[in-house]
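Worksheet: one structure, shown below.
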There are 2 protein chains.
Amino acid sequence: MNQLYQQLTPYLERSMALEAALILFDWDMATLAPEKGAEKTGTMIGILSDEYFKNTTDKTVVELVKKLKDAQDLNEVEAAVVRELWERIERLEGIPSEEYREYSELKAKARGVWEKAREADDYQLFAPVLEKIIGFEKKFAAYQKKDGQNIYDILLDRYEKGFGVKTLDVFFDRLKKELMPVVKQVIAHNDRVDNSFLKKSFDIETQKKVARFIAEYVGFDFEKGVLAESAHPFTTNLHNEDVRITTNYEKHNLEGALFSVIHEAGHGIYELGIRNDLTQTPVGTGASMGIHESQSRFYENMIGRSEAFWKPIYKQLVEAFPSQLTNVSLHQFVQAVNRVEPGLIRIKADELTYCFHIMVRYEMEKLIMEEDVDIAKLPEIWNDKYEEYLGIRPKDDASGILQDVHWSQGDFGYFPSYALGSAFAAQIWHTMEKEISINKELEAGNLKVIKAYLGNHIHQYGKLKPARQLLEEATGEEFNPQYYIDYLKNKYKQIYEL
Amino acid sequence: MNQLYQQLTPYLERSMALEAALILFDWDMATLAPEKGAEKTGTMIGILSDEYFKNTTDKTVVELVKKLKDAQDLNEVEAAVVRELWERIERLEGIPSEEYREYSELKAKARGVWEKAREADDYQLFAPVLEKIIGFEKKFAAYQKKDGQNIYDILLDRYEKGFGVKTLDVFFDRLKKELMPVVKQVIAHNDRVDNSFLKKSFDIETQKKVARFIAEYVGFDFEKGVLAESAHPFTTNLHNEDVRITTNYEKHNLEGALFSVIHEAGHGIYELGIRNDLTQTPVGTGASMGIHESQSRFYENMIGRSEAFWKPIYKQLVEAFPSQLTNVSLHQFVQAVNRVEPGLIRIKADELTYCFHIMVRYEMEKLIMEEDVDIAKLPEIWNDKYEEYLGIRPKDDASGILQDVHWSQGDFGYFPSYALGSAFAAQIWHTMEKEISINKELEAGNLKVIKAYLGNHIHQYGKLKPARQLLEEATGEEFNPQYYIDYLKNKYKQIYEL
């Protein structure tokens with residue numbers, strides 16, 4: 001091992017352990033922790049974040065990484081670790097440690113404030129915190145800014161390196177142009193698809209059993225995983241042998257828990273598939289947010305909402321909910337879970353209109369970061385954009401601007417990766433199809449073949465390669481959103497028998 | 001604030017946050033974490049423990065504390081913090097940091113090994129780990145040892161300062177002499193008490209609802225608390241607004257979950273009652289293990305197993321389990337939950353024979369720590385002692401020496417505090433009775449009055465005063481085990497109508 005690299009070891013270990021502690025606190029607060037404890041626990045999280053920050057930006061580490069980033073005698077893992085550390089240092093280096101700590105404490109508390117504001121449908125409650133968070137994000141991005149960069153590109157880069165405003169403007173314009181007509185056409189024929197039976201009453205305990213079954217069926221390993229409940233479904237992990245997913249059960253919504261579990265299981269399978277020599281290192285997690293979303297969306301939408309997927313197991317679903325599903329054919333069920341209904345809530349959106357929800361957020365984030373828009377006006381702007389793209393206007397902020405947790409956690413620049421993820425997934429499907437007849441495998445219940453393919457081409461590598469390179473190597477070509485557009489057009493042609 | 005004391009602040013904050021992270025990892029591993037993740041998570045826990053250790057024994061801290069321990073201008077909280085830190089330093093100072101870390105990692109893994117050994121009823125599986133743990137305990141105690149001290153006293157001191165072998169030998173001898181005859185007399189009349197109905201089939205989901213109700217009824221605040229499940233019931237806390245208790249449900253055992261919940265709620269109420277200016281400091285938790293157990297046992301046994309306690313709520317219990325309890329009178333129920341049955345399992349022991357379980361462990365720990373007994377022979381010695389004190393011999397190690405988690409976590413010296421706790425509780429009851437007619441309050445469902453009394457006299461202080469002083473100030477006299485002996489004699493006279 002390179003001698004300089006060896007000197008990094010204690011810092012890497014400390015970072016890993018502190019990061020794991022922070023992840024565990026996050027998990028705990030979202031799934032279980034008592035409400036009134038949040039403030040005092042927030043203080044502790046602030047201190048640990050501060051330790052993490054200090055450890056990452058420690059002078060010795062920074063100097064070692066600066067020397068190592070051009071070293072020639074590192075193995076591939078070491079080189080990737082150094083690259084990753086250098087990116088983190090670039091992001092954190094300029095931030096004064098008190099500001100970092102203050103911001104961490106703010107974010108820990110902001111989650112609770114956001115929850116309360118959403119419950120009370122009171123944007124005013126959230127606005128002052130949001131304003132502070134935006135202030136921190138801008139300030140921190142400015143510390144990192146280089147000539148010619150704009151603030152929002154810096155934020156976007158955190159989640160999807162190399163997919164800045166230039167690429168995204170083109171991407172979203174193309175989606176708008178090609179998919180808007182499809183949406184209109186589909187809506188005009190919406191009497192062809194009935195999904196009312198998905199809103200009957202579904203016993204929660206039975207839903208929980210089905211959720212566990214389905215997670216296991218797609219390949220989520222419960223010996224190394226946990227499925228719990230939280231307000232907003234998410235996936236987190238301590239390492240490749242401890243991966244946790246959550247969902248949220250509603251009595252009159254079978255689709256919600258069912259498909260969010262497949263979605264989060266997709267994320268989970270990714271983290272469980274990362275190589276043993278990468279886990280517990282800085283490159284031991286998913287390559288990027290977009291690549292991560294490509295996996296969850298691959299499982300949820302491309303596989304999970306297909307007729308081939310349900311063919312071997314639909315009978316079991318009907319057995320779990322006989323009174324609700326006995327008279328529903330497999331084909332009707334698959335049509336129903338693909339029904340297009342322009343709505344207000346992103347996480348309840350169908351696959352076709354989903355990207356328009358992202359466009360709203362993308363455009364708002366550009367305004368927030370680049371135009372100094374008035375925080376008080378955000379709800380109205382939000383509502384205007386929903387009216388423009390989705391044809392409906394939120395009646396309250398709870399189902400408008402307050403619906404997502406992201407901004408309360410400072411995750412600006414994150415949303416576009418959801419849309420990119422869908423596009424990556426379609427590109428990966430296209431490549432995979434050359435080797436594997438995916439629908440045939442699904443019909444035979446061979447989910448293992450699919451997990452193995454994704455494991456080989458994507459999961460195992462973690463952050464070993466930059467995300468863009470990983471995608472190119474896995475698919476043999478550059479990012480190409482046409483596969484996504486074609487996939488959606490074909491799919492809805494079939495579903496709606498157009 | 002004293003200027004030197006002020007310099008301690010960053011170290012105190014870091015210790016608090018690292019300790020909270022370790023507590024959360026412990027909680028998570030015991031309640032939820034996936035089995036296969038334990039090893040890798042253990043590595044992280046090792047690193048954090050090591051950080052905690054380094055922070056506690058940091059040269060600057062040690063020097064500050066040495067200067068501060070004789071300072072005259074500290075307020076009562078600061079003085080208590082310095083006293084507590086000095087005790088920790090004395091315990092840790094001599095231990096080389098690599099050894100501390102090695103031991104922490106060993107303990108994190110040992111829990112899993114112990115669980116497997118117990119499941120497989122295979123002491124051989126656990127013995128090598130146990131031997132290593134004992135080795136560490138002895139070595140670490142030796143680092144701390146002063147002239148004339150023996151190793152076991154050093155370990156006992158950790159949990160109950162000032163209650164060493166000298167005091168405990170007298171205490172246990174007296175219990176043996178006075179209670180052995182009571183046990184015999186009671187057993188001879190065991191046909192007078194039937195508890196077979198407690199072993200009928202009790203639906204787990206209903207037990208969970210009852211458990212939550214009863215925890216709330218005794219005063220455990222679910223806005224600041226959590227009730228979960230684990231193999232072995234326990235209480236833990238991050239601060240006075242996040243306190244967590246667990247229990248373990250068995251279909252054919254109503255008593256188990258019911259009274260373990262009252263027990264852990266007793267611990268929980270203690271931690272929830274600690275003053276706001278003490279929580280999140282080194283003196284922001286229970287005064288000692290014995291005082292802690294006094295509170296849990298006060299709630300579980302002295303209150304929870306009394307007729308007065310059940311009078312207002314027994315009807316609700318019968319409603320929850322009508323087929324099992326409709327024909328059982330309140331008096332029969334209370335008799336049943338106090339039935340004396342010398343058994344093999346400590347945590348299932350009745351209140352009267354419980355102290356004999358502790359005696360076995362106390363005497364074995366003395367042998368282990370002072371006599372270099374052969375680890376391979378421990379199961380036999382254990383079994384011999386059970387035969388001597390409880391009149392029954394374990395048929396396997398799972399229900400013998402492998403039943404408790406404590407030794408796998410290095411908690412030698414901990415067990416006696418359970419018995420001391422019961423004795424403290426009886427002494428506190430005696431004092432409380434002078435001000436409050438406890439049974440009358442229980443009959444009226446006024447649990448608040450009792451919580452308030454304990455809060456005022458015990459809970460609020462945390463570790464502000466040494467435990468022995470706290471007990472003396474709360475009860476107006478020195479430790480006196482006679483109250484405990486009298487209490488047990490009277491109680492069983494009544495229960496068994498002797």
Side-chain angles (χ1 to χ4, degrees), chain A residues 9-29 31-52 54-55 101 205 220-228 237-244 268 272 276 279-280 284, chain B residues 9-29 31-52 54-55 101 205 220-228 237-244 268 272 276 279-280 284:
Chain A
T9 310
Y11 296 94
L12 292 178
E13 286 189 339
R14 203 148 53 222
S15 274
M16 168 191 76
L18 288 166
E19 204 181 354
L22 289 165
I23 286 169
L24 191 62
F25 270 110
D26 257 3
W27 159 266
D28 185 73
M29 286 186 93
T31 56
L32 183 86
E35 195 196 334
K36 287 199 177 166
E39 194 170 331
K40 281 175 183 159
T41 304
T43 315
M44 288 157 164
I45 292 173
I47 295 164
L48 291 174
S49 301
D50 190 35
E51 283 298 300
Y52 175 74
K54 278 186 195 152
N55 189 59
R101 176 170 171 172
E205 288 309 313
F220 185 73
D221 179 356
F222 278 96
E223 285 191 329
K224 302 175 183 170
V226 170
L227 167 60
N237 68 305
L238 298 179
H239 44 67
N240 69 356
E241 292 178 338
D242 187 332
V243 178
R244 296 151 185 233
L272 288 166
N276 256 326
T279 194
Q280 297 190 302
Chain B
T9 309
Y11 297 94
L12 292 178
E13 286 189 338
R14 204 149 52 224
S15 274
M16 168 191 77
L18 288 166
E19 205 181 352
L22 290 166
I23 286 168
L24 191 63
F25 270 111
D26 257 3
W27 160 266
D28 185 73
M29 286 186 92
T31 55
L32 183 86
E35 196 195 336
K36 286 200 177 166
E39 195 170 329
K40 281 175 183 158
T41 304
T43 315
M44 288 156 164
I45 293 173
I47 294 164
L48 292 173
S49 300
D50 188 35
E51 283 299 299
Y52 176 73
K54 278 186 196 152
N55 188 60
R101 175 170 172 171
E205 289 307 314
F220 184 73
D221 179 355
F222 278 96
E223 285 191 327
K224 302 175 184 171
V226 170
L227 167 59
N237 68 304
L238 298 180
H239 45 68
N240 70 356
E241 292 179 337
D242 186 334
V243 178
R244 295 150 187 235
L272 288 166
N276 257 326
T279 195
Q280 298 191 299

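Sequence lines set the chain letters: A, B, ... in the order given, protein chains first and strands last, and positions in each chain run from 1.
- When side chains are defined from C-beta on, T41(B) does not count as touching E241(A), because their heavy atoms never get closer than 4.5 Å.
- By number of non-hydrogen pairs under 4.5 angstrom with chain A, the leading residue of K36(B), E205(B), M16(B), K224(B) is K36(B).
- The heavy-atom pair separating P34(B) from E223(A) by the smallest distance is CB-O, 3.4 Å.
- By the 4.5 Å heavy-atom criterion applied to side chains, I47(B) and L18(A) are not counted as neighbours.
- Nearest approach of G37(A) to D242(B), heavy atoms of both residues: CA-CB, 4.5 Å.
- To the nearest 0.5 Å, atom CZ of residue R14(A) and atom CG of residue D50(B) are 9.0 Å apart.
- Checking N276(B) against K40(A) by side-chain atom types alone, a donor-acceptor pair falls below 3.5 Å.
- Minimum interatomic distance between V226(B) and L32(A) (heavy atoms only, all atoms of both residues): CG2-O, 3.5 Å.
- Put simply, the side chain of H239(A) reaches to within 4.5 Å of the side chain of M44(B), judged on heavy atoms.
- With a 4.5 Å cut-off on side-chain heavy atoms, D28(A) and L24(B) count as touching.
- Chosen from E19(B), E35(B), R244(B), the residue pairing most often with chain A at heavy-atom distances under 4.5 Å is R244(B).
- The heavy-atom pair separating A21(A) from A21(B) by the smallest distance is CB-CB, 3.9 Å.
- For E13(A), the salt bridge (Lys or Arg N to Asp or Glu O under 4.0 Å) partners two or more places apart in sequence, or in a different chain, are R101(B).
- With a 4.5 angstrom heavy-atom cutoff, E51(B) touches chain A only via side-chain atoms.
- For I45(A), no part lies near chain B; criterion is any non-hydrogen pair under 4.5 Å.
- Note on A38(A), A20(A), P10(A): by heavy-atom pairs under 4.5 Å with chain B, the leading option is A20(A).
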